Every structure is written in C-alpha cells, then in structure tokens.
Amino acid sequence: MMRAGTPRECTRLTMESSPKGHTRLNETGTLPTESNVVIVGGGVIGTSVAYHLTKLGWKDVVLLEQGQLGGGTSWHAAGLVGRLRTSNSMTRINKYTVELYSQLQQETGHSIGWKQVGSLIVAKSEDRMIQLRRTMAMAELFGVEAHLISPQAALAKWPLLRVDDVLGAAWLPHDGKVIPKEVPVALGHGARARGAQIFENVRVLGIESRNGRVTAVKTHRGAINAEYVVLCGGMWTRELGLSCGVTIPLYPVEHHYVVTEPIAGACDELPVGRDPDLCIYFRGEGEGVMLGAFQESSKPWMVDRVPEKFSFQLLEPDWEKFSAPLANGKHRIPALAKCKFAKFVNGPESFTPDNNFIMGEAPEMRNLFVAAGFNSVGIASAGGAGKYLAEWMQAGEPTLDLWSVDIRRFGPWANNRKFLRERVTEVLGLHYQMAWPNREFESSRGARKTPLHDVLARQNACFGSKNGWERPNWFATGGVKPVPEYSFGRQNWFDCHAREHRACRENVAVFDQSGFSKYLFKGPDGLNVLQRLCGGEIDVPVGKAVYTGMFNARGTFEGDLTVIRTGIEEFYLVSGTSQTVRDLDWIRRNLRSGERADLTDMTEACSVIGIMGPNSRTLLGRVCDNDLSNEAFPIGTAQTLEVGMSTVRAVRITYVGELGWELHVPASQAVMVYELLMGAGRRFGVVNAGHYAINSLRLEKSYRAWGADISPDDTALEAGLGFAIGWKKDGDFLGKAALLDQKQAGLKRLLVTFVLQDPGPVLWGSEPIYRNGLAAGYTTSGSYAHSLGAAIGMGYVKSQEGVTSEFIREGRYEINISGKRYPATPHLKAPFDPERKKVLC
Ligand SMILES: Cc1cc2nc3c(=O)[nH]c(=O)nc-3n(C[C@H](O)[C@H](O)[C@H](O)COP(=O)(O)OP(=O)(O)OC[C@H]3O[C@@H](n4cnc5c(N)ncnc54)[C@H](O)[C@@H]3O)c2cc1C
C-alpha cells in the first residue's frame, strides 16, 4: 500500500513545531494491563468522553494517544463555537458545549481562551434571507437567542465589513470562540482530576474481541484488557474500524483558513462572522483577521492510509484552491486587499457521507463505542458529544434522539473508499450551501440501485437517495426535466407530484419501494422475542400482518415495522429504508442467551412493488388468478400469489390510505413483475409514482414516518399510536411499564396533523407551530396535500399543563413559514377519509 509522500501519492507534509505552552499530560510509568474503559484518541472528542465518563463516576478510565493531546486535528481548528444547529438534539449538544466551555477554566485551572464574542451570519440573496428567517424562527423553539438585524447593525458589530450588498444578518449573542489546542488539554486535566489515566505516545494497533464483544486493545507497548473501548481517533478511526470489522465511514478532507498580519480596526473581540453566500467565515485573531472557507467543492486528502505520525502537522498551503475564498474575503472585508498573510492552515479533518458525525455502540461489536467524523463541528460539539456518549454507555442506549448521528444509520456499503472520496468533496461545503428542502446529494450517486432503476430512469424518474438506495422521488411529465429545481416554495415537480398523488387516490399507481428493510425471523422462540420487543399483539394467525412499534425501556420508539406471520415459527418483517442496520442490531441485542431465533437480512434479496389506489384490485387481478376480494384477501393479511413466472408475497397493507398491495418479489424477477403490471394497467391509465407522493398521501391519512414523526424522543401515546399497542397481550413487552405510567400521568405533548387554510404555501418540516399565539412545537414533516388542496404537516404540540384532545381542539393554530404565520386546522384523526372521499375538518 502506498504511503503519503511516495511518488504516486505525492502529498507533501510540512511540520509545525509543537505549539508553545502545550501542557503535557503524559502519564509516566507502565501501561495498565486491565482497565474498565480504554479511549483511543486524545483529541477534543476523546478527552471529552474521558471527562464525562469520570464525571458520571466511572472508574478505571484510560486514554491512549499516539502523539500528544490535541495534536491530530483539534489543535489547528478555527475555534468557532456556535450553539444553533438544525435539529433540537444537535442544538442541545452544542448548547451544552458552550455551557461547559464557559466554566472549564474555572474548574480545571487551564485556560481555553473562551470568549463569548457572538456570531453574525450575513445574507446577500433573497433566498438566504428566507433561510435565515426560517432558522431564526426555529432558534426560538430550541431556546437559542437569535435576532434578525439590518446590514447597518451588522456593520456596527463588525466595522471592517462591506455591507452595501448585504440584505440582512442573523445575530447570535451567546456564540463564541476558543483556542482549540487548549480544549483537549483542559478536558484532560478535568478527567485526570477524577482519576482517568492519560498516556501520550501510545499507539493502538488493534482491537480484540471474543463472541462479538470487545475484550482488549493492542498497543505497541502491550495489550490492555478492557470492558469498554471507545474509538475517538478522528480521521484515523475508519482504519481502526476496518481492522476489527466495524463500519465507520469517514474520510479526510483538506480544510483551509488564513490569518492576516495586524490590520487597523481588527481585534480579538470581533464576533465570529459567516457569509455563506460567499462560502467564507471570518473572525478576529489577535490584531489580525482569520478567514476560512467552506467551498462548494473540496479536496479529499489522497492518502492510502492516514499517516501514523501526523501530530501537530499540516499539509502544504494551497493558495490556488484558496483563491476564490480569498477574493470573496477581500470583497466582504476590503481591508484584506491590502494586508499580508502570516499563516495558511491546510488541515485535514474527517467527513462522513451525510455531514453528521458518527456516535454510538458499533452494531458489529458489543461495548465498542465510536465518536468520530466530526465534519468541522468537533470543537463546537465536543462537550455535548462527550456527555451524551458517556450517558449512552451508562444507560446502554441513547438518552435522547441521536438517530441523525447514530452509527447504525450506515451499512458497509457506505464505507467504500471510492464512494467516500467522491462524497466528501461535496460534504464540507454543505455547511454553507442553501439548506433547500429535499436537497439531494449530487456526488457518489448510484451506489445502490433497485432492479427497477434503469426501467424507471427511462420513464423520467427523478431519483433521490436514501440509505444509499436510488429511489424515484417523482416522475417528470409535461415538459419538466427530471432534475429538481430547489426553492422554499413550490418546486418544479409540484404538478408532477399532484398528478401522481391524484392517480393513487382516484385510479392506481405503482411504486418502487424496494429499499424497504426486510428480514426473516425464524425459530422456536421467535414469537416470544417479538412479543417482548413489539408493542403490538404478534401472536396472530399465520398470514396476518401487524403494524407495530418497538420501544425501549423509556417507552419511546426504537423502530416501527410490519410483522407478517408466515409460519408458526416464522415471521417476515418489513421496516423503513433507513432502518436496516438499526433494526437488525436492536433485535439481535435484545435476544436473551439461549433463545432460539435467527434473524436474516432479506433487504437486497427482495424487491417491493406497491400497487395502490381504488383500481389496484382490478390491476392485480389481471396478472394473477387469485380471488382478491375483501373476503378472500382481507386487509392486514398476506398471501403467496403467482404473477407471471414469479411467486410473490403479496401483503394487503397500505401506507397511502388506499386499497392496495405490496408485492415482495425475488429481486431477480422484479422487472418481469413490474412490466406485467404496467402492461396490464396501460388500458386504465396506471402511473408510476414516487416517494414524494407517498409522503403527501400518508400525511393526508396521518400515518407517521420513523425518523421524522416518531423517534427515540417520542412515546407511542404522544404519537397518537396507543391504539396499535396490545395492552392485553400475554406477558410484558419492553417499554410497557413506562407507557402505563405515562398513560396514568397524562401527556404533555401530542402529535397533531395540520392542514393550512391558505392553499398557496408549502410545508416542508421544521416550521414553528403556534397555539393561541404562543410557540407550541414545530412540524416534524410536511408536504402538499393535493386531495385537500393545501399544505399539510405534522408536529408535536406541547404544554407543561398537559395536552388532551380537548386542549388540541380548543386551540387556534398558526404555522410560521419563512417568517409569516399562516392559520392551520388541527386534526387528531386523518384529515382525508378515502372511504368517503371527503375532507374531515
Ligand atoms: C482547518 C480546520 C478548521 C476547523 N475549524 C473548526 C471550528 O471552527 N469549529 C469546530 O467546531 N470545528 C472545527 N474544525 C473541526 C475540528 O477540528 C474537528 O472536528 C475536531 O478537532 C475533531 O476532533 P477529534 O477528537 O475527533 O479528532 P482529532 O483531534 O484528530 O483527535 C483524534 C486523535 O486520535 C489519535 N489517534 C488516532 N488513531 C490512534 C491510535 N491508533 N492510537 C492512539 N491514538 C490515535 C490521533 O493522534 C488524534 O490525536 C476545524 C477543522 C479544521 C481542519
């Protein structure tokens, strides 16, 4: 394998001397041979994990760093620390980090240079102003103080700015900055004061395990047996994972900033500034200015392996790549045109395929935890990431909804180096690209294609990607190109979506749902296990299909699935596209010793073709000989049908609220079955439909979506899914006690479907909901309900005084869309009833 710096891979490394004043925390003496926890990596993340585990009272915590603390990526970060992120959980992580940093010096005696200078985001386009208004509205709900201010007010805060082309700015007074290299040192001090042992210059060479459980780390100074191992190795973590069969998809990318010599008017107290339209950030650095870039396209670090010795090192300056941000910087801060530059930082750091970091227990190995891939927010997120990872280790499960960063969202497909190298070129820049609704990645597409992909592409499918799968989002008709044109309003596919939505309501539509996760669960104890893990009654006759949630001990969702009993001891399970690894892990980890039940992933083996709509029975009847009447094939049941030369599992179930079947077809026969269906349906106008139609159709029926409307933060009662719980079934199920307690205590939040009264706007999710003029929640998903003629969304309405159906009905609601409030009608039942084909208001 080639190394960095060899003629073929010609990246040159430059050495920076170890920063002055770097305090060594080196533990002298020999390494222990046993420990409760070994943390690999002494960057800001590893030290934060050590700090928080010891804060929770964990003993025997050892941290191993191959170089010196903070010498990997953390030391050369720009030090920006913002509190507001795009979700509640991520904002909680960053808010906690700011709390921690503001008192860390007091606690540890080591200064991290925390300065609450505030931050400023300027906007120079109308679309960016819309995005800022949306962000400001959500900030209020997340408890982050933020104000929209004028260009002149922005200038007053950053007097060196040029603002003649600025339309407005966001001001976040509680944001700040740190001296990044000092943070790991201070956290290390805190951890050591509570008993952690920290060893520098110790390289971990491998991870050992027995029976799927971690047992030890091997180092060049001997092995340490350990109950828990936490991989916090920054950009080295993927390789550590590969060495022990654990999927940790991340890859290093070059990230650039420069620091000027002193400039008149610059000072260290200037706020952190961001101009996302120009892809730059800036702040005061002493008497100079730091200017950094999040360019639309970045450079992956082209190394076969990240070099072992890369402590306090940087890559060569790349002025050519930095020329565009530099020109933009000179535009925004004219004083930069005349100054000299004292420093160019070209630091590699790790990025993940979806711009969210990677946390949690590896599904491949018990007690092996990971916190890595921090996508340029490692300094700002380290406090919260360390705290919630430590809590996760203590509780055995996350203590808040961390699904967006959960390691189980990726399968091995995402760990391919070619895929990663191409994807990360796009990821770094995403921080400043417009956060368009339904924005899709453009790089590394086509990693997973369903058998129908090419057939559907020829019919103008516009694909999105979910868990790597290419899925048709919509089909272009009427002269529209199958390429999304993004906006916060109606996008170019609005009419195509309307056509597919109505076809499904009024006629019949065919959907490629092959990305669904599918598993076979088989064995004498299969029923008992499912009864214990699922809220619903699973002891049903063979052939019955049950929709159910799976809960944790807190009674909140770990997943939802459809369980089809295919035999006395055999079940076929179906869940959402993104849930595969998570479900497999959840079920396997909850198997008790000695229980006889095998779980097999069938996702790649089976395709799913949905036939939905009032004419679906007629259509299916043309390609098979079976009796499909209500009596012979009732709703919520499954049968084997012969469709052409294929034997398929047909499940009469619907996520769109229409008569319909999901056909689970061997992948090799999917095209044949699809072509038979389309051929037979041509005479009555069958249409292809995509996932955007599924979303609007299911919202009209108030069906919940995992990861959006139901999550590990929500219970089935809060989600209005109490009816799907088998309260009276034999035996206990996980989460039952918590749910019963909640039932008795009453709810403080409830999921409600909202339909706007104005037919014009569109809902996307993440819009604030007001009840009687006061903020009461935000939308968890949204779309346009074409059968109702208005936008539709769902969201939890909260009240500390308690939430009942009367409370919901008695309120007057508005939803804030890009700064303007629109009246909305609340629904606790589906707003659309396909039986009566009328709107329930
Ligand atoms: C130019 C630049 C600017 C940035 N600006 C900001 C910013 O303003 N705000 C912000 O929030 N983030 C910023 N970041 C991102 C931030 O620096 C990272 O997200 C963060 O430092 C990651 O911390 P870490 O602990 O995961 O990784 P690291 O700091 O790299 O720590 C990992 C450690 O693990 C050690 N290690 C690896 N493998 C082994 C092994 N086998 N045995 C023993 N030790 C091992 C390494 O030596 C290393 O010290 C910036 C990054 C760059 C490059």
Side-chain angles (χ1 to χ4, degrees), residues 38-50 63-82 85 93-94 97 101 119 175-181 183-184 187 198-207 217-221 229-241 243 250 252-259 272 274 281-283 290 292-294 298 301 305-315 343-352 357-359 370-383 385-386 428 431:
V38 173
I39 298 166
V40 184
V44 70
I45 303 300
T47 51
S48 178
V49 173
L63 185 148
L64 305 177
E65 164 56 47
Q66 63 187 356
Q68 290 164 35
L69 285 197
T73 298
S74 300
W75 70 282
H76 57 59
L80 282 46
V81 181
R85 300 286 317 276
I93 284 181
N94 283 31
T97 305
Y101 289 173
S119 77
D175 288 356
K177 62 179 183 177
V178 287
I179 302 170
K181 73 179 169 62
V183 182
L187 290 168
I198 296 177
F199 295 88
E200 293 182 314
N201 301 312
V202 177
R203 177 162 172 78
V204 172
L205 304 172
I207 310 295
V217 297
K218 281 186 296 183
T219 81
H220 72 277
R221 286 175 54 192
V229 173
V230 192
L231 302 184
C232 304
M235 59 189 170
W236 289 267
T237 317
R238 173 173 178 264
E239 283 152 20
L240 273 170
S243 74
L250 52 83
V253 177
E254 297 185 17
H255 180 166
H256 307 142
Y257 68 77
V258 294
V259 180
V272 166
R274 295 179 178 88
Y281 60 88
F282 38 89
R283 67 169 176 82
M290 174 190 285
F294 282 111
S298 326
W301 189 17
R305 281 181 70 84
V306 180
E308 288 166 20
K309 296 203 183 314
F310 197 74
S311 197
F312 291 108
Q313 293 189 50
L314 294 172
L315 303 177
K343 190 167 165 188
F344 190 115
V345 171
N346 180 358
E349 61 164 319
S350 55
F351 284 80
T352 64
F357 47 85
I358 298 175
M359 251 174 87
V370 176
F374 274 79
N375 306 288
S376 265
V377 294
I379 306 296
S381 307
L428 182 135
H431 283 291

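All heavy atoms count here, side chains included; hydrogens, waters and symmetry mates do not. Values in this document were obtained by computation on a predicted structure and should not be read as measured data. Just so you know, ligand 1 is whichever comes first in the structure, and atom 1 is the first atom listed for that ligand. Just so you know, residue 1 is the first one in the sequence shown, and it goes up from there.
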Decide whether the shortest distance between a heavy atom of [X] and an atom of ligand 1 is less than 4.0 Å.
| X | answer |
| --- | --- |
| L205 | no |
| S311 | no |
| A372 | no |

query = Below 3.5 angstrom, do we get any N/O pair linking E65 and ligand 1?
reply =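 So ligand 1 has an N or O lying under 3.5 Å from an N or O of E65.
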
**Prompt:** Do any nitrogen or oxygen atoms of G347 lie less than 3.5 angstrom from nitrogen or oxygen atoms of ligand 1?
**Reply:**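 So ligand 1 has no N or O lying under 3.5 Å from an N or O of G347.
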
Would you say the side chain of [Y] lies within less than 4.5 Å of the side chain of [X], judging by non-hydrogen atoms?
| X | Y | result |
| --- | --- | --- |
| E200 | L69 | yes |
| L315 | F310 | yes |
| D175 | V272 | no |
| R203 | L205 | yes |
| L231 | I207 | yes |

For [atom], find the nearest protein heavy atom and state the residue, atom name and distance (0.1 Å precision).
| atom | answer |
| --- | --- |
| atom 44 (N) of ligand 1 | Q66 N, 3.0 Å |
| atom 26 (O) of ligand 1 | I45 CG1, 3.3 Å |
| atom 9 (N) of ligand 1 | L80 O, 3.0 Å |
| atom 28 (P) of ligand 1 | T73 N, 3.5 Å |
| atom 29 (O) of ligand 1 | S74 OG, 2.5 Å |
| atom 11 (O) of ligand 1 | A380 N, 2.7 Å |
| atom 38 (N) of ligand 1 | W236 CB, 3.4 Å |
| atom 5 (N) of ligand 1 | A78 N, 2.9 Å |

Logged contact type for W75 with ligand 1, heavy-atom cut-off 4.0 Å, is neither

State whether the side chain of R283 and the backbone N or O of A78 hold a donor-acceptor pair below 3.5 Å, judged by distance alone.
-> yes

G347 backbone acceptor or donor facing Y257 side chain under 3.5 Å
no

Show me which atoms of ligand 1 lie under 4.0 Å from any heavy atom of [X].
| X | answer |
| --- | --- |
| V377 | 10 (C), 11 (O), 12 (N) |
| G79 | 7 (C), 8 (O) |
| G43 | 25 (O), 29 (O), 31 (O), 33 (C) |
| G72 | 30 (O), 48 (C), 49 (O) |
| F374 | 19 (O) |

Min over S376, G71, A77 of heavy-atom distance to atom 12 (N) of ligand 1 lands on S376

Discussion item. Restricting to salt bridge (Lys or Arg N to Asp or Glu O under 4.0 Å), what partner residues turn up for R238, sequence neighbours left out?
Written reply: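 With neighbours one apart ignored, the set is empty.
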
Worksheet entry | Any pair counted as side-chain hydrogen bond (donor to acceptor under 3.5 Å, both in side chains), so long as it reaches residues 370-380, sequence neighbours left out |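 Qualifying pairs, neighbours excluded: H255-S376, E349-S376, T352-N375.
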
Parallel, tilted or perpendicular: which describes the rings of F351 and H431, with under 30° parallel and over 60° perpendicular?
-> perpendicular

* Asked: V38 and F199: side-chain contact (heavy atoms from CB on, under 4.5 Å), yes or no, with the steps?
  -> CA-CA 11 Å; V38 173; F199 295 88; over 6 Å; no

